[in-house]
Amino acid sequence: MKTIQTRYGASVELTITIDDDLADTATIYVGLPQETAIFTKTASFTSGVADLSLDPTDTELPLGTYNYQINVSYTDGRLDKYPNPANCDGDSLPEFIVLEALDVTEIS
């Protein structure tokens, strides 16, 4: 999974594609390790595609680097968490970076 970079208060569109008819929802978790997620957002799958749309209020976070994870739940009760640890270096999670914006004042 790649790094997500966004400006403070910007919209972010993420498309999750799964080749499994039992895929039900995708949820993104953004936060810091060993802390409760700062925010989550969930989208339902339609024909194997879930569009996670982050609103400007979702990215109004203190500037800096966070981590993210995407969970996919299935109608049969399975739960997959991405990135898969088998494809990571140790326990690393991809980065979600909030950068400054010139049109608004960021919270600290």
Side-chain angles (χ1 to χ4, degrees):
M1 295 174 62
K2 36 185 198 175
T3 297
I4 297 172
Q5 290 187 4
T6 186
R7 295 282 179 200
Y8 177 90
S11 298
V12 176
E13 300 294 326
L14 302 171
T15 300
I16 311 300
T17 304
I18 298 287
D19 188 23
D20 187 330
D21 292 338
L22 299 179
D24 187 32
T25 61
T27 302
I28 186 170
Y29 294 82
V30 175
L32 297 169
Q34 301 179 10
E35 293 183 15
T36 302
I38 295 170
F39 78 84
T40 64
K41 195 77 164 218
T42 300
S44 296
F45 280 95
T46 303
S47 300
V49 177
D51 291 314
L52 283 164
S53 299
L54 306 185
D55 301 320
T57 55
D58 295 323
T59 63
E60 288 179 348
L61 303 171
L63 303 182
T65 301
Y66 303 88
N67 294 109
Y68 76 95
Q69 169 181 309
I70 295 179
N71 289 3
V72 175
S73 62
Y74 298 84
T75 57
D76 64 0
R78 285 181 292 140
L79 177 67
D80 288 333
K81 297 182 180 189
Y82 298 97
N84 183 323
N87 300 326
C88 294
D89 295 328
D91 60 352
S92 63
L93 291 166
E95 293 181 330
F96 186 95
I97 302 171
V98 179
L99 303 166
E100 69 181 325
L102 293 176
D103 58 333
V104 292
T105 302
E106 299 85 7
I107 60 172
S108 55

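Here, residue 1 is the first one in the sequence, and each next residue gets the next number.
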Without swapping roles, check the side chain of Asp55 against the backbone of Thr57 for a donor-acceptor pair under 3.5 Å.
no
Minimal non-hydrogen separation, Pro83 against Met1, with atom names:
N-SD, 3.3 Å
Ile97-Leu52 co-clustered via ILVMFWY side chain contacts under 4.5 Å
no
What is the minimum heavy-atom distance between Tyr66 and Ile38, and which atoms define it?
CE2-CD1, 3.2 Å
For a 4.5 angstrom cut-off between non-hydrogen side-chain atoms, does Glu60 reach Tyr8?
yes
Determine the minimum heavy-atom distance between Gly9 and Thr59, stating which atoms define it.
N-OG1, 3.2 Å
List for me each residue that meets salt bridge (Lys or Arg N to Asp or Glu O under 4.0 Å) alongside Asp21, sequence neighbours excluded, and say none if there are none.
none
Among the clusters formed by ILVMFWY side chains lying less than 4.5 Å apart, do Leu99 and Phe39 turn up in the same one?
no
Any chain of hydrophobic side-chain contacts (each under 4.5 Å) joining Tyr29 to Ile4?
no
If every non-hydrogen atom of Thr65 is compared with every non-hydrogen atom of Leu32, which pair is closest and at what distance?
O-CD2, 3.6 Å
Do you reckon Val12 sits in the same ILVMFWY cluster as Val49, going by side-chain contacts under 4.5 Å, direct or chained?
no
Give the minimum heavy-atom separation between Val30 and Phe96, together with the two atoms involved.
CG1-CD2, 3.8 Å
Where do Leu93 and Asn67 come nearest, in terms of heavy atoms and distance?
O-ND2, 3.2 Å
Report yes if the side chains of Leu54 and Ile28 come closer than 4.5 Å at any heavy-atom pair, otherwise no.
yes
Going by heavy atoms in the side chains, are Lys41 and Leu14 under 4.5 Å from each other?
no
Does a donor on one side chain and an acceptor on the other come within less than 3.5 Å for Asn71 and Gln69?
yes
Given Tyr74, which partner from the list Asp80, Asp24, Asp20 fulfils the side chain to side chain donor-acceptor pair (under 3.5 Å) test?
Asp80
Check whether any side-chain heavy atom of Ser44 lies under 4.5 Å from a side-chain heavy atom of Thr25, and answer yes or no.
yes
Same hydrophobic cluster for Leu22 and Ile18, using side-chain heavy-atom links shorter than 4.5 Å among ILVMFWY?
yes
